Amino acid sequence: VQLQASGGGLVQTGGSLRLSCATSGLTFSSYTMAWFRQFPGNERGFLASIRRSDGSAFYAESVKGRFTISKDNGKNTVYLQMNSLKPEDTAVYYCAARRGTHHYNQNQYTSWGQGTQVTVSS
């Protein structure tokens, strides 16, 4: 199972970025995909998840309304659209996959992408 995250970069406050997570080697339909982020010295924190089977999405309160998770089943890719970015969104962003339904705990996810840096300048 491989996850490849991309799309990070430097953006100004108020700007937008779209992260992508391309997957291979998994039965995409039975998985829930998620995005986490990690601040220096902290554990990874849950942002959003999407269930491949029915497209249902779940968000952390901190990003609800600003971030949108979506998927393209044909491309086996999950996206995270991030709008109205703030300096406090600066972090390394990771995609992850697990069998089954939504979960906010990073330890419940078995496959991880390599992380992509997002930096929001003030």
Side-chain angles (χ1 to χ4, degrees):
V1 177
Q2 289 189 328
L3 307 179
Q4 181 73 35
S6 62
L10 175 64
V11 64
Q12 291 185 333
T13 296
S16 298
L17 280 175
R18 189 179 78 158
L19 306 182
S20 299
C21 179
T23 70
S24 62
L26 55 79
T27 307
F28 196 64
S29 62
S30 63
Y31 278 74
T32 290
M33 303 295 298
W35 287 96
F36 290 76
R37 66 185 176 188
Q38 187 172 25
F39 303 114
N42 286 19
E43 293 189 345
R44 295 170 187 174
F46 174 82
L47 296 174
S49 60
I50 188 164
R51 198 162 55 192
R52 199 277 183 185
S53 59
D54 61 4
S56 65
F58 183 70
Y59 294 91
E61 285 297 324
S62 60
V63 300
K64 195 176 291 185
R66 292 195 302 129
F67 291 7
T68 302
I69 191 170
S70 63
K71 61 183 178 65
D72 184 328
N73 293 343
K75 295 181 178 180
N76 285 343
T77 300
V78 175
Y79 305 96
L80 185 69
Q81 178 67 42
M82 306 186 294
N83 298 328
S84 303
L85 284 165
K86 309 172 184 178
E88 50 265 43
D89 293 316
T90 296
V92 178
Y93 285 68
Y94 295 89
C95 59
R98 71 182 300 269
R99 288 187 181 273
T101 192
H102 304 285
H103 210 293
Y104 62 87
N105 189 326
Q106 62 170 334
N107 295 323
Q108 297 297 318
Y109 288 80
T110 54
S111 299
W112 290 86
Q114 82 285 10
T116 184
Q117 175 71 46
V118 172
T119 302
V120 184
S121 63
S122 57

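Residue numbers start at 1 and run along the sequence shown. Quick caveat, the model's predicted, so the values are computed rather than measured.
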Trainee: Could you work out, with salt bridge (charged side-chain N to carboxylate O under 4.0 Å, His left out) as the rule, every residue matching Lys75, not counting sequence neighbours?
Mentor: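 For Lys75, no residue satisfies salt bridge (charged side-chain N to carboxylate O under 4.0 Å, His left out) once neighbours in sequence are set aside.
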Trainee: Mind listing the closest non-hydrogen atom pair of Val92 and Gly115 along with its distance?
Mentor: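 Heavy-atom minimum between the residues: CG1-CA, 3.9 Å.
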Trainee: Scan residues 54-77 for pairs that pass ring pair (Phe, Tyr, Trp, His ring centres under 6.0 Å), counting only residues two or more places apart or in two chains.
Mentor: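 Matches after skipping sequence neighbours: Phe46-Phe58.
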Trainee: How is the hydrophobic cluster of Phe39 composed, in terms of its other members, when Ile, Leu, Val, Met, Phe, Trp and Tyr link through side-chain heavy atoms under 4.5 Å apart, directly or indirectly?
Mentor: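 Members other than Phe39 - counting any ILVMFWY side chain reachable under 4.5 Å - there are none.
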Trainee: Are any side-chain N or O atoms of Arg98 and backbone N or O atoms of Thr32, one a donor and one an acceptor, separated by less than 3.5 Å?
Mentor: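 No, the answer is negative, given that no donor and acceptor are paired below the 3.5 Å cut-off.
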Trainee: To the closest 0.5 Å, what do you measure between CG (Asn76) and OG1 (Thr23)?
Mentor: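 Atom-to-atom, Asn76:CG and Thr23:OG1 are 4.0 Å apart.
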Trainee: Can you tell me how far the CD1 atom of Ile69 sits from the SG atom of Cys95, to the nearest 0.5 Å?
Mentor: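 The distance works out to 9.5 Å.
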Trainee: Can you tell me how far the CH2 atom of Trp35 sits from the CD1 atom of Ile50, to the nearest 0.5 Å?
Mentor: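 Here the interatomic distance stands at 12.0 Å.
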Trainee: Test of understanding: with side chain to side chain donor-acceptor pair (under 3.5 Å), list the residues that count as partners of Lys86, not counting sequence neighbours.
Mentor: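 In terms of side chain to side chain donor-acceptor pair (under 3.5 Å), with neighbours along the sequence ignored, Lys86 is linked to no residue.
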Trainee: If we only count heavy atoms from C-beta on, is the Asn73 to Arg52 side-chain gap below 4.5 Å?
Mentor: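 Yes - at least one pair of side-chain heavy atoms lies under 4.5 Å apart.
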Trainee: Can you tell me how far apart NZ (Lys64) and CG (Leu47) are? Round to the nearest 0.5 Å.
Mentor: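 Here the rounded value is 13.0 Å.
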Trainee: In chain order, what residues pass the side-chain contact (heavy atoms from CB on, under 4.5 Å) check against Thr110, with sequence neighbours excluded?
Mentor: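 For Thr110, no residue satisfies side-chain contact (heavy atoms from CB on, under 4.5 Å) once neighbours in sequence are set aside.
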Trainee: Please test Arg37 against Thr116 for side chain to side chain contact (heavy atoms under 4.5 Å, CB included), starting from the C-alpha separation and ending with a verdict.
Mentor: CA-CA 9 Å; Arg37 66 185 176 188; Thr116 184; over 6 Å; no
Trainee: Do Asp89 and Arg66 pass the side chain to side chain contact (heavy atoms under 4.5 Å, CB included) test, and can you show the C-alpha distance, the side-chain angles, and the key distance before you say yes or no?
Mentor: CA-CA 11 Å; Asp89 293 316; Arg66 292 195 302 129; 2.8 Å; yes
Trainee: Would you list the pairs meeting ring pair (Phe, Tyr, Trp, His ring centres under 6.0 Å) in which at least one residue belongs to residues 79-122, sequence neighbours left out?
Mentor: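 Listed once each, the pairs are Phe36-Tyr109, Phe36-Trp112.
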Trainee: Side chain to side chain donor-acceptor pair (under 3.5 Å) with Thr101: which residues, sequence neighbours excluded?
Mentor: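 For Thr101, the residues satisfying side chain to side chain donor-acceptor pair (under 3.5 Å) (neighbours in sequence not counted) are Arg51.
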Trainee: For a 4.5 angstrom cut-off between non-hydrogen side-chain atoms, does Cys21 reach Met33?
Mentor: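 In contact.
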Trainee: Tell me every residue that passes salt bridge (charged side-chain N to carboxylate O under 4.0 Å, His left out) with Arg99, counting only those two or more places apart in sequence or in another chain.
Mentor: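 Arg99 satisfies salt bridge (charged side-chain N to carboxylate O under 4.0 Å, His left out) with no other residue.
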Trainee: Taking disulfide bond (SG atoms under 2.5 Å apart) as the cut-off, I'd like each qualifying pair that reaches into residues 34-71, sequence neighbours left out, listed once.
Mentor: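 Non-adjacent pairs meeting disulfide bond (SG atoms under 2.5 Å apart): zero.
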Trainee: Check residues 1-20 and write down every donor-acceptor pair under 3.5 Å in which the side-chain atom is one partner and the other belongs to a residue at least two apart or another chain.
Mentor:
residue: Thr13; atom: OG1; partner: Ser121; partner atom: O; Å: 2.7
residue: Ser16; atom: OG; partner: Asn83; partner atom: OD1; Å: 2.9

Trainee: Just by modelled atom types, is the Ala96 backbone N or O under 3.5 Å from a matching donor or acceptor in the Ser111 side chain?
Mentor: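 Not confirmed, Ser111 side chain does not pair with Ala96 backbone.
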Trainee: With Gln117, which residues qualify under side chain to side chain donor-acceptor pair (under 3.5 Å), at least two apart?
Mentor: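 Checked Gln117 against side chain to side chain donor-acceptor pair (under 3.5 Å); matches are Thr119.
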Trainee: Report the distance from atom CZ of Arg44 to atom CG of Asn105, rounding to the nearest 0.5 Å.
Mentor: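 Output value for this atom pair is 12.0 Å.
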Trainee: Residues in salt bridge (charged side-chain N to carboxylate O under 4.0 Å, His left out) with Glu43, at least two apart?
Mentor: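 If we apply the salt bridge (charged side-chain N to carboxylate O under 4.0 Å, His left out) test to Glu43, skipping adjacent residues, there are no hits.
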